[in-house]
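Written out below as structure tokens is the structure these notes cover.
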Protein chains: 2
Amino acid sequence: MSNQALFESTIRHVAVLKAASDEEVQLIARMGIQRSIEDGAFFFMQGDPAEYLYIMLTGRAKLCQIAPDGQQVNLRTLNPKQLFGAVGAVDPQATYPACAQALEDSSAIAICSAEFRKLLEEHPHLSFGLMKLMTGYISEMQNRYREMATEKVEQRIARVLLRLAGQTGKRVEEGVLIELSFSRQDLAEMAGTTLFTVSRVLSAWEKQKLIATGRERVMLTNPHAVMRLAEGLDEK
Amino acid sequence: MSNQALFESTIRHVAVLKAASDEEVQLIARMGIQRSIEDGAFFFMQGDPAEYLYIMLTGRAKLCQIAPDGQQVNLRTLNPKQLFGAVGAVDPQATYPACAQALEDSSAIAICSAEFRKLLEEHPHLSFGLMKLMTGYISEMQNRYREMATEKVEQRIARVLLRLAGQTGKRVEEGVLIELSFSRQDLAEMAGTTLFTVSRVLSAWEKQKLIATGRERVMLTNPHAVMRLAEGLDEK
DNA sequence: CGCCTTCTTTGCGCTTGCGCAAAGAAGGCG
DNA sequence: CGCCTTCTTTGCGCAAGCGCAAAGAAGGCG
């Protein structure tokens with residue numbers, strides 16, 4: 001498949017652009033260039049000028065923030081067909097508010113923010129898709145913020161597992177399997193805690209047969225119980 | 001001043017709509033109706049269908065989330081000329097992701113989301129202002145999320161004070177005064193902690209002469225020291 | 001002025017979860 | 001196969017911050 005065709009077929013399935021006509025899809029595809037990066041490399045760093053926006057083609061990446069002191073927080077994972085890094089299309093002077101780091105060898109369509117902005121001006125109905133994405137983010141971040149502020153570690157870890165299960169979990173005989181390169185450290189960054197605490201909590205749950213763990217691997221053998229934990233029911 | 005004239009002069013100074021022409025400002029003003037509510041009342045509740053968006057006229061309100069168990073988290077305060085509750089203009093089926101509660105008797109221009117959406121369709125350049133607002137929110141929420149995840153209580157409280165000082169602080173002889181109806185409880189909800197902890201921390205700072213406190217009142221006598229605390233420098 | 005409500009402080013005990021160190025798996029790769 | 005790296009677990013001690021109760025200000029209002 002030619003690059004152009006590959007781009008088009010991917011773009012056609014991007015949620016944000018579902019209102020795009022065939023013609024618009026073609027236009028966007030022509031604006032794109034492919035960028036492939038290795039596991040651990042960055043599509044962009046927090047604070048860089050937001051010159052490109054991206055649409056994930058293959059692989060996975062994480063959006064994360066790095067505090068001045070080096071501590072990291074994981075905001076979300078980026079999967080194929082997801083659009084990310086679009087701030088530049090809205091404000092030409094914007095810088096990325098987070099960094100995007102590949103969790104495995106990955107590739108994405110890179111589109112020049114300024115060009116995309118022009119496209120938005122000429123095809124304004126596309127803005128609605130983008131705005132919907134943004135309001136969704138806002139709403140999600142507000143919820144996560146509340147969770148971080150009011151819930152305790154166990155609940156937050158349970159939520160992380162459920163979110164991952166929903167995004168990339170595979171249903172197998174014994175439960176739902178999350179098998180990706182997520183170390184305890186990564187889980188800790190998603191839950192806002194330390195790898196030690198994550199390890200301890202998962203061990204405890206394993207003893208209670210709620211989950212089964214392995215190296216960079218978690219299986220939810222009793223997803224329903226994990227959901228109850230996330231909701232903070234079981235309050236002892 | 002007639003309502004229409006009042007609306008227009010307010011709308012003209014709304015940051016999100018600064019790209020609006022005089023004509024557009026008039027159009028928007030005509031769509032608005034005034035809503036006045038009492039201290040403690042709600043413009044809208046989390047989960048309500050987002051039928052209206054608002055522009056604050058007088059008073060102040062807080063945007064907050066309420067957890068299923070009743071715990072609250074404070075997201076931001078709304079001041080005059082700020083636009084809020086605009087999700088409905090983007091997605092007709094959206095519900096408000098937070099609630100807006102008046103901190104004092106307040107009034108706002110209420111604009112029907114569906115009408116505003118039509119306006120956006122016909123005057124698409126206005127979308128850019130809205131999108132810029134949204135990306136700003138996202139970026140801010142991501143930062144706050146990181147802070148909540150990685151910083152400890154003292155730092156977060158310091159940040160809350162600085163944010164309030166920046167928004168509504170008055171410069172007086174002895175320092176910067178924050179004199180609003182923010183109880184220790186409110187501060188706790190903003191910092192993601194408990195009123196007891198806030199009280200203790202503020203008492204400690206008062207002993208060190210960094211601040212002076214009173215009932216629903218805080219004065220930063222040594223703002224620079226508070227900034228250092230917020231940055232987590234002073235690490236003992 | 002005095003009562004009443006609301007807000008604030010403080011003491012005390014205790015839980016949660018962090019920090020570190022050290023040891024134990026699990027792969028990867030030559 | 002065996003070494004090396006990376007990931008994970010666990011024990012132990014400790015500090016931060018929560019929860020509660022009770023008492024002490026500060027206003028508000030009749």
Side-chain angles (χ1 to χ4, degrees), chain A residues 39-40 67 69-73 103-105 147-158 160-161 178-208 211-219 229 232 234-236, chain B residues 39-40 67 69-73 103-105 147-158 160-161 178-208 211-219 229 232 234-236:
Chain A
D39 185 2
D69 67 356
Q71 277 200 85
Q72 287 201 14
V73 172
L103 288 167
E104 48 192 73
D105 295 352
E147 288 165 15
M148 185 68 73
T150 66
E151 299 183 347
K152 46 186 113 158
V153 189
E154 286 215 343
Q155 282 184 68
R156 303 201 310 261
I157 295 176
V160 167
L161 293 186
I178 303 169
E179 187 167 35
L180 296 166
S181 37
F182 286 121
S183 64
R184 297 292 179 268
Q185 175 65 39
D186 289 315
L187 296 179
E189 283 168 14
M190 294 186 224
T193 179
T194 63
L195 79 166
F196 306 104
T197 299
V198 170
S199 178
R200 276 185 265 263
V201 169
L202 294 190
S203 295
W205 288 348
E206 182 152 32
K207 276 187 197 117
Q208 297 169 241
I211 62 174
T213 68
R215 189 190 171 98
E216 308 210 324
R217 202 176 66 82
V218 175
M219 165 133 57
L229 284 168
D234 304 1
E235 279 308 88
K236 39 147 188 312
Chain B
D39 186 1
D69 67 355
Q71 278 202 82
Q72 286 201 16
V73 171
L103 288 167
E104 47 193 73
D105 294 352
E147 287 164 17
M148 184 68 74
T150 66
E151 299 182 348
K152 47 186 117 169
V153 188
E154 287 214 342
Q155 283 185 67
R156 303 201 311 259
I157 295 175
V160 167
L161 292 185
I178 303 169
E179 188 166 35
L180 297 166
S181 38
F182 287 121
S183 64
R184 296 291 179 267
Q185 176 65 40
D186 289 315
L187 297 179
E189 283 169 13
M190 294 186 225
T193 179
T194 64
L195 79 166
F196 307 106
T197 298
V198 170
S199 179
R200 276 185 266 261
V201 169
L202 294 189
S203 296
W205 289 348
E206 183 151 34
K207 277 186 197 119
Q208 298 169 238
I211 62 174
T213 68
R215 191 190 170 96
E216 309 210 323
R217 202 177 65 80
V218 174
M219 163 132 59
L229 284 169
D234 301 2
E235 279 308 89
K236 41 155 180 306

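Remark on DNA chain D: of its neighbouring residues A:T213 and B:V198, the 5'-side contact belongs to A:T213, judged by nearest-heavy-atom nucleotide. Toward the 5′ end of DNA chain C lies the nearest nucleotide of B:E206, the other residue of the pair B:E206 and A:E154 mapping further downstream.
With a 3.5 Å ceiling on both atom-pair distances, the Watson-Crick or G-U wobble partner of C:dG30 is D:dC1. Nucleotide C:dG19 forms a Watson-Crick or G-U wobble pair with D:dC12, both donor-acceptor distances falling under 3.5 Å. Partner assigned to C:dG24 is D:dC7, using Watson-Crick or G-U wobble distances below 3.5 angstrom. Figure legend. D:dG17 is base-paired to C:dC14; pairs are counted as Watson-Crick or G-U wobble with both atom distances under 3.5 Å.
Taking only side-chain nitrogens and oxygens, A:T193 comes nearer than 4.0 Å to OP1 or OP2 of C:dC18. Side-chain nitrogen and oxygen atoms of A:S203 include at least one within less than 4.0 Å of the OP1 or OP2 phosphate oxygen of D:dT10.
Here the P atom of nucleotide D:dC18 and the CD atom of A:E151 are 15 Å apart, to the nearest Å. One atom, CD of A:E216, and another, C1' of D:dT9, lie 15 Å apart when rounded to the nearest Å. With rounding to whole Å, B:L103 atom CG is found 13 Å from C:dC7 atom P. Rounded to whole Å, the distance from CD1 on A:I157 to C1' on C:dG17 is 10 Å. One interatomic measurement links the two molecules: CZ of A:F182 to P of D:dC7, which rounds to 14 Å at whole-angstrom precision. Per the geometry, CZ belonging to B:R215 stands 4 Å off C1' belonging to C:dC7, to the nearest Å. Rounded to whole Å, the distance from CE on A:M148 to C1' on C:dG17 is 14 Å. For the pair B:L195 CG and D:dG17 P, the computed distance is 15 Å after rounding to whole Å.
In the set C:dC7, C:dG17, D:dT8, the nucleotide with an atom closest to the side chain of A:V153 is C:dG17. For A:T194, taking side-chain heavy atoms from C-beta onward, the closest of the listed nucleotides D:dC18, C:dG19, C:dC7 is C:dG19.
If you check every strand for non-hydrogen atoms under 4.0 Å, A:S199 touches a base. Contact annotation for B:R184: backbone-only contact, meaning every heavy-atom pair under 4.0 Å involves sugar-phosphate atoms and none involves a base.
Summarising the geometry of B:R156 relative to B:T193, their closest heavy-atom pair is NH2-CB, 4.5 Å, with the distance given to 0.1 Å. Closest approach of B:W205 and B:E154 over heavy atoms only: CH2-O, 3.6 Å. Minimum heavy-atom separation, B:L195 to B:A188: N-CB, 3.5 Å. Of all non-hydrogen atoms in B:S183 and B:E216, the two that sit nearest each other are CB-OE2, 3.7 Å.
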Apply side-chain contact (heavy atoms from CB on, under 4.5 Å) to residues B:M148 and A:V73 and explain how you reach the verdict. CA-CA 10 Å; B:M148 184 68 74; A:V73 172; over 6 Å; no
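Taking CG of A:L202 as the start and CD1 of A:I211 as the end, the distance is 4.5 Å to the nearest 0.5 Å.
Counting atom types as modelled, A:R200 pairs a side-chain N or O with a base atom of C:dG19 as donor and acceptor under 3.5 Å.
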